[in-house]
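Each remark here refers to the structure printed beneath this line.
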Amino acid sequence: MTSATPAHKRILLKLSGEALMGDDAFGINRNTIVRMVGEVAEVTRLGVQVAVVIGGGNIFRGVAGGAEGMDRATADYMGMLATVMNSLALADAMDKQGVTARVMSAIDIQQVVEPYVRPKALQYLEEGKVVVFAAGTGNPFFTTDTAAALRGAEIGAELVLKATKVDGVYTADPMKDPQATRYARLTFDEAMVRNLGIMDATAFALCRDQKLPIRVFSILKPGALKRVVMGEDEGTLVYA
Ligand SMILES: Nc1ncnc2c1ncn2[C@@H]1O[C@H](COP(=O)(O)OP(=O)(O)OP(=O)(O)O)[C@@H](O)[C@H]1O
Ligand SMILES: O=c1ccn([C@@H]2O[C@H](COP(=O)(O)O)[C@@H](O)[C@H]2O)c(=O)[nH]1
């Protein structure tokens, strides 16, 4: 019997908030979160250290219709709080599946979750706990993709995994353009020059400067997360 070794020791997994809705119109679909957490649990059992950043698109986005007419910074703080809700739900679902998780928030809400303290996060990872980084970067005008790049660099992750609803980076948004084709790999500069909307330019630039590769793949595809962790060709690799 062969026992395959993961290709990565420590990863930063960016989970799409929007994907948490499943087929619902809003919020957190129970079956979906249980399934997603099952995939994360499988990877932790391989001995991979996993840190997670989750988006808030299933609840509130500062730039979405629901925020129209609002002060942008206030709306963004609401978006960050949405990611705290998702983080709590995620950690709870992990707990139910026997995975120990710790939520750390970039904004101070100590009655609810502990604050982000880098050495503490590193300690948790070494102990095999999953760390869920909540509230994005803690600053308005940013996104959780940028938070993923930032935290990924801070914790020395070998790879940022963007787990989203599409199975990679396309020449155009595949949800809008059926002619779009998927890249197997491309550089950060190519992604930025072509203005590919899969991630914001701040996240790309930070990863490029830190030489931190990103793999974009579909969280809706069963087993895809494990395949990425095992170093198999899945989704799109964006590299420096
Ligand atoms: N060039 C592209 N290639 C692939 N997807 C693209 C591209 N341009 C835009 N997209 C869109 O980007 C979306 C993913 O990015 P987005 O940040 O909006 O969502 P997310 O990260 O999955 O959600 P959330 O903000 O809730 O975490 C895809 O669902 C896809 O429709
Ligand atoms: O660093 C950050 C991260 C997020 N926000 C706000 O939260 C929402 C939800 O995050 P998504 O990345 O879109 O899922 C985002 O629209 C911002 O309003 C933020 O302000 N700063």
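Small disclaimer: the values here were computed from a predicted structure and weren't measured. For ligands, and for the atoms within them, numbers begin at 1 and follow the listed sequence.
Evaluated by nearest non-hydrogen atom to atom 16 (O) of ligand 2, the leading choice among Gly62, Gly79, Gly56 is Gly62. For atom 11 (P) of ligand 2, the nearest non-hydrogen atom from the set Thr144, Asp76, Leu81 belongs to Thr144. Among Val166, Asp177, Asn58, the residue whose heavy atom lies nearest to atom 29 (O) of ligand 1 is Val166. Around atom 8 (N) of ligand 1, the closest heavy atom drawn from Gly197, Ala191, Gly17 belongs to Gly197.
Taking every heavy atom of Thr137 and a limit of under 4.0 angstrom, the matching atoms of ligand 2 come to 1 (O), 2 (C). When each atom of ligand 2 is checked for a heavy atom of Gly57 under 4.0 Å away, the hits are 14 (O). Atoms of ligand 2 lying under 4.0 Å from at least one heavy atom of Phe60, given by number and element, are 8 (C), 9 (C).
Between Glu39 and Lys221, no side-chain nitrogen of the basic residue sits less than 4.0 Å from a carboxylate oxygen of the acidic one, so the salt-bridge criterion is not met.
Among all protein heavy atoms, the one lying closest to atom 19 (C) of ligand 2 is Phe142 O, 3.1 Å. Remark: minimum distance from atom 26 (O) of ligand 1 to any protein heavy atom is reached at Glu18 N, 2.8 Å. Of all protein heavy atoms, the one lying nearest to atom 17 (O) of ligand 1 is Lys162 NZ, 3.3 Å. Nearest non-hydrogen protein atom to atom 14 (C) of ligand 1 is Thr164 OG1, 3.5 Å. Protein heavy atom in closest approach to atom 5 (N) of ligand 1: Ile198 CD1, 3.3 Å. Looking from atom 30 (C) of ligand 1 to the surrounding protein, the closest heavy atom is Asp173 OD1, 3.3 Å. In terms of protein heavy-atom proximity, atom 19 (O) of ligand 1 is closest to Arg61 NH2, 3.9 Å. Of the protein's heavy atoms, Tyr170 O, 2.8 Å lies nearest to atom 1 (N) of ligand 1.
At a 4.0 Å heavy-atom cut-off, ligand 2 does not touch Tyr77 at all. Neither the backbone nor the side chain of Thr146 comes within 4.0 Å of ligand 2, counting heavy atoms alone.
The distance criterion of under 3.5 Å between nitrogen or oxygen atoms is met by Gly57 with respect to ligand 1. Any N or O atom pair closer than 3.5 Å counts here, and Ser16 shares at least one such pair with ligand 1. Inclusion of Thr171 in the set of residues having an N or O under 3.5 Å from an N or O of ligand 1 is not warranted.
Proximity of Ala147 to ligand 2 is not established, as no heavy-atom distance is less than 4.0 Å. Ligand 1 lies out of reach of Met199, whose nearest heavy atom is not under 4.0 Å from it. By the 4.0 Å heavy-atom criterion, Ala19 is excluded from the residues contacting ligand 1. A heavy-atom separation below 4.0 Å is not found between Ala163 and ligand 1.
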Q: Test Tyr183 against Tyr170 for ring-ring contact (aromatic ring centres under 6.0 Å, His included), laying out the working first.
A: CA-CA 6 Å; Tyr183 296 98; Tyr170 282 73; 8.4 Å; no
